[in-house]
Colleague: 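Before we start, here is the structure in question, set down as C-alpha cells.
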Amino acid sequence: MLSDKMKLTAKDILEKEFKTGVRGYKPEEVDKFLDLIIKDYETLHQEIEELQQENLRLKKLAEEASRRQPAPTTAGTTNFDILKRLSNLEKHVFGSKLYD
C-alpha cells in the first residue's frame, strides 16, 4: 500500500522539532507552513483510503458480473449456416451470373 511507502505521517510533521540558529527561520512561519502540509497529508491519506475502498468494491462487482454472465457461445451457428448465408450474399451481390 502507498501508506507503507511514505516516510512521513501527519503526526511526524506535527511533532518535528527544529533547532534554532542565529539567523534561522521565523518559527511562526514554519509552523504555519507545516500545518498546511499536515492538512494535505491528512487529505491525501483519506483520499487514498477512499480510492482503495472504491477499487475493492469495483473489483468485487466485476467478479460478480463475470460469474453471472455466461460464457459467449456461437448461439447455434454452424458452418452450414455460415455457408448458406455466404451463398445467399453472393447471389444477392453477383446475381445469377455465378449460377448460370
Colleague: Measure the CD1-CD1 distance between Ile13 and Ile37 for me, rounded to the nearest 0.5 Å.
Modeller: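 That separation rounds to 6.0 Å.
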Colleague: Going from CG on Asn79 to CG on Leu86, what distance comes out if it is rounded to the nearest 0.5 angstrom?
Modeller: 11.5 Å
Colleague: Can you list everything that forms a side chain to side chain donor-acceptor pair (under 3.5 Å) with Asp12? Sequence neighbours excluded, please.
Modeller: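 Thr9.
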Colleague: With sequence neighbours excluded, what pairs up with Glu15 under the side chain to side chain donor-acceptor pair (under 3.5 Å) test?
Modeller: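 So Glu15 forms no side chain to side chain donor-acceptor pair (under 3.5 Å) with any residue.
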Colleague: Which hydrophobic side chains are connected to Leu58, either touching it within the sub-4.5 Å cutoff or through other members that do?
Modeller: Leu61
Colleague: Please name all residues satisfying side-chain contact (heavy atoms from CB on, under 4.5 Å) with Phe18, sequence neighbours left out, ordered by chain then number.
Modeller: Lys16, Val30, Leu34
Colleague: Is there any salt bridge (charged side-chain N to carboxylate O under 4.0 Å, His left out) pair reaching into residues 27-44, and which pairs are they, with sequence neighbours excluded?
Modeller: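 For residues 27-44: none.
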Colleague: Under the side-chain contact (heavy atoms from CB on, under 4.5 Å) rule, collect the residues that match up with Glu50, sequence neighbours excluded.
Modeller: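 Glu50: side-chain contact (heavy atoms from CB on, under 4.5 Å) contacts with Gln46, Glu47.
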Colleague: Nearest 0.5 Å, please: how far is CD in Glu49 from CG in Leu44?
Modeller: 12.0 Å
Colleague: Kindly state each residue pair satisfying salt bridge (charged side-chain N to carboxylate O under 4.0 Å, His left out) with at least one member in residues 56-66, sequence neighbours excluded.
Modeller: Glu54-Arg57, Glu63-Arg67
